[in-house]
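The next block holds one structure in the form of C-alpha cells; read it before the comments.
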Protein chains: 2
Amino acid sequence: MASATLKSIAKATGYSVTTVSRALGGFDDVNVDTRQLILQEAQRQGYEPNLQARALQTQRTQTLALVVSMSGPRFPDPFFSEFVAGLGTAAAEARFDLLLVTPNSPADELDVYRRLIAGRRVDGVALIRARFADARIQYLAQTEMPFVVFGRTTGVENYNYIDVDGIAGQSALTQHFIDLGHKRIAYVMPPRNIMFTHYRLQGFSETMRRAGLAVSDDLLQEAELNERGGSRAAETLLNLALPPTAIMAGNDLMALGVMRVIQERGLRVGTDVAVGGFDDIPIAEHMHPGLTTVHQPIFEIGQQVTRILLHRIANPEAPAATRLITPQLMVRASSGPQRL
Amino acid sequence: MASATLKSIAKATGYSVTTVSRALGGFDDVNVDTRQLILQEAQRQGYEPNLQARALQTQRTQTLALVVSMSGPRFPDPFFSEFVAGLGTAAAEARFDLLLVTPNSPADELDVYRRLIAGRRVDGVALIRARFADARIQYLAQTEMPFVVFGRTTGVENYNYIDVDGIAGQSALTQHFIDLGHKRIAYVMPPRNIMFTHYRLQGFSETMRRAGLAVSDDLLQEAELNERGGSRAAETLLNLALPPTAIMAGNDLMALGVMRVIQERGLRVGTDVAVGGFDDIPIAEHMHPGLTTVHQPIFEIGQQVTRILLHRIANPEAPAATRLITPQLMVRASSGPQRL
DNA sequence: ATTGACATCCGAAACGTTTCGGTATACGAT
DNA sequence: ATCGTATACCGAAACGTTTCGGATGTCAAT
C-alpha cells in the first residue's frame with residue numbers, strides 16, 4: 001500500500017486535510033468526536049508524518065549535525081564515542097536526531113558545512129576539537145546557524161562554547177608529579193594546530209617554572225593523538241642520555257602507547273617511570289596499572305553541548321553561552337609512589 | 001539576506017525556475033551561455049539546494065540511519081566507533097549522510113524505527129548486534145525500506161546481512177589454547193540474547209568436545225560486554241578451587257577486565273593465566289601484554305554494510321546479499337608460551 | 001510554402017505538510 | 001430581526017524543488 005498521508009486520512013474520514021492536520025496536531029478547534037475518529041483512522045493506516053514535508057514547511061528539521069573527519073581507517077578516539085553518546089542522548093530527549101557527517105577529505109570540510117547550513121539540512125551544529133583561527137567556526141559565525149563548540153578558538157568573538165580548563169588540568173597533573181619528587185618531567189604534546197594543545201602546554205610550562213624546574217626541548221615531544229604517537233615519543237625519550245622519570249602524554253591513548261614501550265623495555269610503570277594521561281577514557285581505569293590522568297566529563301559535555309544548542313535554536317537572540325569546566329585529577333597507580 | 005533559491009536566481013537572471021533548475025542539474029537542453037550565466041549567479045548568491053525540498057520531491061533523502069541504544073552514560077564499545085567510521089566514510093563517498101538515532105529507552109526502540117521508516121526520513125537502515133528473533137529486523141522485513149544487518153537473526157528469511165563467522169573464530173581461539181597445552185579453559189560469554197553469543201559458544205563447545213576436554217558449568221560465566229563484566233567473571237573464576245589456566249573473554253573490553261584482575265592478584269598474564277579476547281579493537285595491540293584475540297575487520301565491515309545498502313537502494317529488486325567472513329586469529333603475548 | 005528536426009525555453013503540477021483567513025451554523029442576548 | 005460569540009470546519013497558499021508536456025523559433029530539406 002502507498003504510505004499514509006493527511007490526504008488519505010482526509011479521504012477516508014470525509015474531513016479536510018486542514019482538519020486532519022489540526023486534529024493530529026492537538027489543536028482545540030476540532031470536535032472531540034471528530035478528533036477521535038481521525039486518530040483512529042490515522043492509527044489504522046499507520047500514519048507517520050512525512051518529515052521532509054514538515055521540515056520544508058516549518059523550516060525546522062529537528063536535526064543536529066556533528067561533522068567529524070574520520071581520517072584514515074581509524075576514528076580519533078574512544079573520547080569521541082563518549083561525546084557522541086552525550087550529544088545523542090540529550091538530543092533524543094528533545095526528539096532531535098543527530099546527523100553524523102563525514103567529509104571525505106580535509107579539503108572537503110568547509111564544503112560540507114556549506115551544504116549543511118545553506119542547504120538547511122539541520123537546525124544546529126556541534127563542533128569538536130577546535131583549532132587556531134578555526135575556519136569552520138569563522139564560517140559558522142557569519143551565518144544564522146546556531147552552533148556550539150567543544151573547545152575554544154581565536155579570531156572569533158561571541159560564540160557558544162564549552163571547554164575544559166586545560167591550563168588548570170595540565171597544571172594539576174604536573175604539580176602532582178613535582179610533589180612526588182620528579183624533576184625530569186617530559187610532556188608528549190599533541191599537534192600544535194589544535195587549540196587545547198596551547199592551553200595544556202601553558203599549564204605545564206608555568207607550573208614547571210614556578211617550581212624552578214627546567215623544561216628542556218628534549219623533554220617536549222610533539223606527537224599524534226594516538227597509541228602510535230605515544231609509543232614513538234616514548235622511544236625517543238627513553239633513549240635520551242638522561243631520560244625523564246615521568247612522562248605526561250597529551251591524551252590517554254598516547255599514554256597507553258607510552259606505557260607499552262616502558263613495559264616492553266622491562267621497566268615498571270609507576271616505580272621506574274611515572275606516566276600521566278589526559279581525558280580519563282573508560283579504559284584508563286581498567287588498564288594495569290591504572291592510569292593517572294585528568295578527567296574530562298566527556299559524556300556530560302556532549303549533553304551540555306546539545307542543551308546549549310537547543311536553547312540557542314529556541315532563542316536565537318540569547319547571548320553567547322560560554323562555560324569553562326575545571327577538570328579533576330584522577331590519581332592512580334601509573335604515577336607511582338613518592339620518590340626519595 | 002534571505003537564502004538563495006531557484007526562484008531568486010530565476011528572478012536575477014530573467015530565466016524561469018525550470019531552466020535554472022535544469023541548468024544547475026546539468027541537463028543538456030540549456031544553452032551553454034545561459035548555463036554559464038546561471039551558474040555564475042548561483043555562485044554569487046551562494047546557492048545551495050534546499051535538501052528538504054529536494055527530498056520531498058524526489059523521495060530520496062540521501063541519508064542512511066543507524067539506530068544505537070546508548071544505554072546508560074556509556075557507549076557499548078570502541079568497536080562501535082570503528083563501525084560507524086566505516087559506515088560514514090563509505091557513505092560520504094556516495095554523498096550520503098549518516099543519521100545516528102538514539103532511542104531514549106529500549107521500549108522506545110521500535111517507535112524510533114517506525115518514525116524513521118514510515119516518516120521517510122532515510123533511504124536505508126543499518127543494524128548492528130542482531131538478537132534472537134530480532135523485532136527490529138522483523139519490522140523492517142515487512143517494509144519497503146532497504147536494510148542491512150551486521151550479524152544474523154532467526155525467524156526472518158532473505159535479508160541482507162554481513163557477519164563474522166563466530167563458530168570459526170571462537171573455534172580457532174579455543175584450538176590455539178588447546179594446542180598450547182591448556183585443559184581447563186574458561187569462557188566468559190556475552191549475554192545470551194545477542195545472536196553472536198550463540199555461534200561463539202558453539203565454536204567453543206565443539207572444539208573442546210573434539211579435543212576430549214570437559215566444559216564444566218563453573219568455567220562458563222555469563223557477563224556484560226564491558227570491562228566490569230570481565231572483571232567480575234574473572235574474580236569468580238580465579239576464586240574457584242580449581243581455577244582455569246586460560247580465560248577467553250567475549251570481547252576485548254571484557255578481556256581487559258580479566259587481565260586487570262589477574263595482574264592485581266600478582267599473577268602474570270600469559271605465563272600464569274592465558275587470556276584471549278574477541279574483536280581486535282585498536283588498543284588490543286597496544287596493551288601490555290598484547291592481547292591474543294580474534295580479528296574482526298570492523299571498519300571494513302562498516303564500509304561493506306554501506307555498500308550493500310547503497311546497492312540495495314539503487315536496485316530494490318536485487319536478491320538478498322549475505323556475506324560470512326572468516327575471521328583471523330591474532331596471536332600475541334597474552335596467550336603465553338607452550339605449557340609443559 | 002511546407003515539413004521535420006533540433007535547440008532552447010517555460011508553465012504548471014506535484015511531493016505532504018502547516019497555517020492564514022476565512023465561512024457556516026447555532027444559540028443566547030439585545 | 002439583529003448582533004455577538006463560540007464552535008467546528010475548510011480553501012488556498014506557501015515552503016523549494018523536480019519534471020512532464022508542451023511552446024517557440026530557427027533552419028535545412030523538400
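The sequence lines fix the lettering, A, B, ..., with proteins before strands; numbering per chain opens at 1.
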We want to know whether [X] and [Y] form a side-chain donor-acceptor pair, criterion being a heavy-atom distance below 3.5 angstrom.
X	Y	value
R121(B)	T63(A)	yes
Q142(A)	Q138(A)	no
Q52(A)	T61(B)	no

S16(B), nearest nucleotide to its side chain (from dC9(D), dC10(C), dT17(C)):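 The listed nucleotide nearest to S16(B)'s side chain is dC10(C).
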Pairing of R152(A) and D134(A) as salt bridge, 4.0 angstrom limit: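 Judged by the 4.0 Å cut-off on N to carboxylate O distance, R152(A) and D134(A) do not form a salt bridge.
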DNA chain C-proximal residues of residues 21-30 of chain B, any heavy atom under 4.0 Å: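 Within this stretch, D29(B), V30(B) sit under 4.0 Å of the strand.
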Sorted by number, the residues of residues 55-64 of chain A with heavy-atom contact under 4.0 Å to DNA chain C: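 Nucleic-acid contacts, sorted: Q57(A), T58(A).
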Can you tell me the distance, in whole Å, between the [atom1] atom of [X] and the [atom2] atom of [N]?
X	N	atom1	atom2	value
R54(B)	dG16(C)	CZ	P	18 Å
N50(A)	dC15(D)	CG	P	18 Å
R35(B)	dC9(C)	CZ	C1'	13 Å
L51(B)	dT17(D)	CG	P	9 Å
Q52(B)	dA14(D)	CD	C1'	16 Å
N31(B)	dT26(D)	CG	C1'	13 Å
L6(A)	dC15(D)	CG	P	19 Å
L37(B)	dT8(C)	CG	C1'	15 Å

Most 5' of A53(B) and V32(B) on DNA chain C, judged by nearest nucleotide: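 Counting from the 5' end, the first nearest nucleotide belongs to V32(B).
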Euclidean distance, F150(B) CZ relative to F83(B) CZ, rounded to 0.5 Å: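 Between F83(B) CZ and F150(B) CZ, I get 6.5 Å after rounding to 0.5 Å.
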Point-to-point distance, once rounded to the nearest 0.5 Å, from CZ of R129(A) to CZ of F79(A):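 Taking CZ in R129(A) and CZ in F79(A), the distance rounds to 6.0 Å.
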Donor-acceptor pair under 3.5 Å, T18(A) side chain vs dG11(D) base: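 Flag set: donor-acceptor pair detected.
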N315(A) atom CG, over 12 foreign heavy atoms within 6.0 Å: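 Counting other residues, nucleotides and ligands, CG of N315(A) exceeds 12 neighbours.
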Neighbour count above 12 (heavy atom, 6.0 Å) for D29(A) CG: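 Enclosed.
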S16(A) vs T19(A), side-chain hydrogen bond (donor to acceptor under 3.5 Å, both in side chains): CA-CA, chis, key distance, verdict: CA-CA 5 Å; S16(A) 73; T19(A) 300; 3.2 Å; yes
Identified side chain to side chain contact (heavy atoms under 4.5 Å, CB included) partner of L66(A) from the options L100(A), V125(A), L127(A):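 Result for side chain to side chain contact (heavy atoms under 4.5 Å, CB included) with L66(A): L100(A).
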Criterion side chain to side chain contact (heavy atoms under 4.5 Å, CB included) against T34(A), the qualifying member of I38(A), L37(A), V32(A):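 In the set I38(A), L37(A), V32(A), the residue that makes a side chain to side chain contact (heavy atoms under 4.5 Å, CB included) with T34(A) is I38(A).
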Residue-phosphate contact under 4.0 Å: Y15(A) side-chain N/O, dC10(D) OP1/OP2: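 No.
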side-chain N/O T34(B) vs dC9(C) OP1/OP2, d < 4.0 Å: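 Yes, T34(B) has a side-chain N/O under 4.0 Å of OP1/OP2 on dC9(C).
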Difference in axis direction between the ends of the helix from dA1(C)-dT30(D) to dT30(C)-dA1(D), five pairs, 10°: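 It comes to 80° between the two terminal axes.
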Verdict with supporting geometry, Q304(A) and E300(A), side-chain hydrogen bond (donor to acceptor under 3.5 Å, both in side chains): CA-CA 6 Å; Q304(A) 291 266 19; E300(A) 289 76 12; over 6 Å; no
